[in-house]
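No hydrogens, no waters, no symmetry mates; every other heavy atom, side chains included, goes into these values. Just so we're on the same page: letters track the sequence lines, and every chain starts at 1.
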Protein chains: 2
Amino acid sequence: MSDMTFDHKECGSCPIRHRAVCARCEADELEELDAIKYYRSYEAGQPIVWSGDRMDFVASVVTGVASLSQAMEDGRTQMVGLLLPSDFLGRPGRDAAPYDVVAVSNLTLCCFRRKPFEQMMLRTPHVSQRLLEMTLDELDAAREWMLILGRKTAREKIASLLAIIARREASLELTTAGDGMDFELPLTREAMADYLGLTLETVSRQISALKRDGVITLEGKRKVVIPDFDRLQIETGDDTDGGLMI
Amino acid sequence: MSDMTFDHKECGSCPIRHRAVCARCEADELEELDAIKYYRSYEAGQPIVWSGDRMDFVASVVTGVASLSQAMEDGRTQMVGLLLPSDFLGRPGRDAAPYDVVAVSNLTLCCFRRKPFEQMMLRTPHVSQRLLEMTLDELDAAREWMLILGRKTAREKIASLLAIIARREASLELTTAGDGMDFELPLTREAMADYLGLTLETVSRQISALKRDGVITLEGKRKVVIPDFDRLQIETGDDTDGGLMI
DNA sequence: CTGGCGCATTGACCCAGATCAAGAATTGCG
DNA sequence: CGCAATTCTTGATCTGGGTCAATGCGCCAG
């Protein structure tokens, strides 16, 4: 784990984490946030915190992917959160991390020291209001995910995950060039299995099946092409009217 | 659905929903909440709102149990939230309900009209801070639940649900008379199945198995006695160190 | 008391996905 | 470039929980 320093200009070029923390911040509040923030980067596979560890920062994902997961003693693990760029990590007002947090790919976090951040929250109501909005969105995502875990078939699970990632990808890049989306899968088969409550073999088989049926195309093992997003959407088993943006 | 009126005194006798909404309210804020609140009661099985319906109130559960659930077109349904007394229902800042909400047992809600409630949130920061705390707790519960749905066996699922209800029950009554807890199951076998991502037959079989193995005792079909909570805890598959309070 | 209705239990059978076991394809590194 | 370590794919087999179907148990109405 290495500390990185971004100068002020560079920070200006990654507005994501400020927008994430506070969509309505005034200049002087941004200044205040700048004073308590620092960047940190992790390599793929590196743990960030273990469940129960003291966590003295909150953070916003700048680049890369991180996962939150819960493990049982016998090794079964379930991913319970997937953090993509602009997502918020950490929990104001709580000392210990409730989950294992791992960098899934190379990752850069924009961290804010927790205590001063909490004090700022008390003073500036729209920061906590913004955080409330984000948390409610996360709760919606978690509930969508519960439907996936509890009631969908393996094929529907895979299709749902691909659709979620594709939508996220599209919303960040804003390059929804018609249909024909494509993206790099940020997860290994094993991570996908942990996300979906499956085994990695089943994930692999179902991806092969979707490929065989022409729902997706693979370039290499990680690059996914979705020729017809509506077709993928049907495979998810969800109502056709779109569902929640995650 | 019938409107009920509670007089001010009776309202004073059910402090739950005020505490739930705002642990730190001052007298005049409570006054203000009183002005926009009304009680509403529902019978077991009655729908409260359907997914997509406009929802012009937020509420706090006074008595009874309600469920949030998501349904797929083909009838598969997954419960994604279980609201017990003191829990909060609704979502400031969102017009349409994202889930079906149903009264599982006879239910009384303490409702607040949404618009004035939202305005109050903007003015009194600790209301939104309290709501943020509650939402973060709900998110923790949802994530605990994701582990249950994704990775636990049917027996562990049932044990987990019983432990969750027993803990909730105990925390409200504050009558943890040593071990030997007992409580009335507020859910039908079908509702338990929807909670756990199982079928009602499997729920029934696993309850019978836990009874046969002496982990629980049944009096009638709904009254559960837990002679040894630690034993039940072991059956959940969780770490022994307690886990999250839900 | 009796029939009907809504839950709950139990049994018999089956299948989607887990498990176990080889390999194949990539990736990385000396 | 070659060898090892990862990561992924595919096959064979097994099994937990789903499905279908019958039966039991209260409970209320007549």
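Mapping B:Arg205 and A:Thr188 onto DNA chain D by nearest heavy atom places A:Thr188 closer to the 5' end of the strand. Looking at which nucleotide of DNA chain D each of A:Arg151 and A:Thr202 is closest to, the 5′-most match is held by A:Thr202. Each of A:Thr199 and B:Arg222 has a nearest nucleotide on DNA chain C; the 5'-most of these lies closest to B:Arg222.
Closest of all the heavy-atom pairs between A:Met146 and B:Val80 is CE-CA, 3.5 Å. When every heavy atom of A:Met181 is checked against every heavy atom of A:Ala170, the shortest pair comes out as CE-CB, 3.6 Å.
Counting only residues at least two apart or in different chains, salt bridge (charged side-chain N to carboxylate O under 4.0 Å, His left out) contacts with residues 53-66 of chain B comprise B:Arg54-B:Asp95. Sorted by first and then second residue, the pairs that involve residues 183-206 of chain A and meet salt bridge (charged side-chain N to carboxylate O under 4.0 Å, His left out), not counting sequence neighbours, are A:Asp194-B:Arg151.
Side chain of B:Ser105 to main chain of B:Gly64: no donor-acceptor pair is present (N/O by atom type, distance under 3.5 Å, no hydrogens or angles).
Rounded to 10°, the helix from C:dC1-D:dG30 to C:dG30-D:dC1 has 30° between the axis fitted to its first five pairs and the one fitted to its last five.
The side chain of A:Thr153 contributes no N or O atom lying less than 4.0 Å from OP1 or OP2 of C:dA16.
For a distance-only test at 3.5 Å, the side chain of B:Glu190 fails to qualify as a donor-acceptor partner of the base of C:dC7.
Using a 4.0 Å cut-off between a side-chain N of Lys or Arg and a carboxylate O of Asp or Glu, B:Glu138 and B:Arg143 do not qualify as a salt bridge.
Of the inter-residue distances, the one linking A:Leu109 atom CG with A:Tyr39 atom OH reads 11.0 Å to the nearest 0.5 angstrom. Atoms SG and OH, from B:Cys110 and B:Tyr38 in turn, are 10.0 Å apart once rounded to the nearest 0.5 Å.
Here C:dC15 presents its C1' atom at 17 Å from CZ of A:Arg155, a figure rounded to the nearest Å.
In summary, contact between chain A and DNA chain D, defined as any nucleotide atom under 4.0 Å from a heavy atom of the protein, begins and ends at D:dT7 to D:dA12 in the 5' to 3' direction.
Remark: A:Thr217 engages no residue in a side chain to side chain donor-acceptor pair (under 3.5 Å) (not counting sequence neighbours).
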Point to revise | Per-nucleotide protein contact string for nucleotides 23-30 of chain C, where B marks a base within reach and S marks sugar-phosphate only (heavy atoms under 4.0 Å, - for neither) | key: --B-----

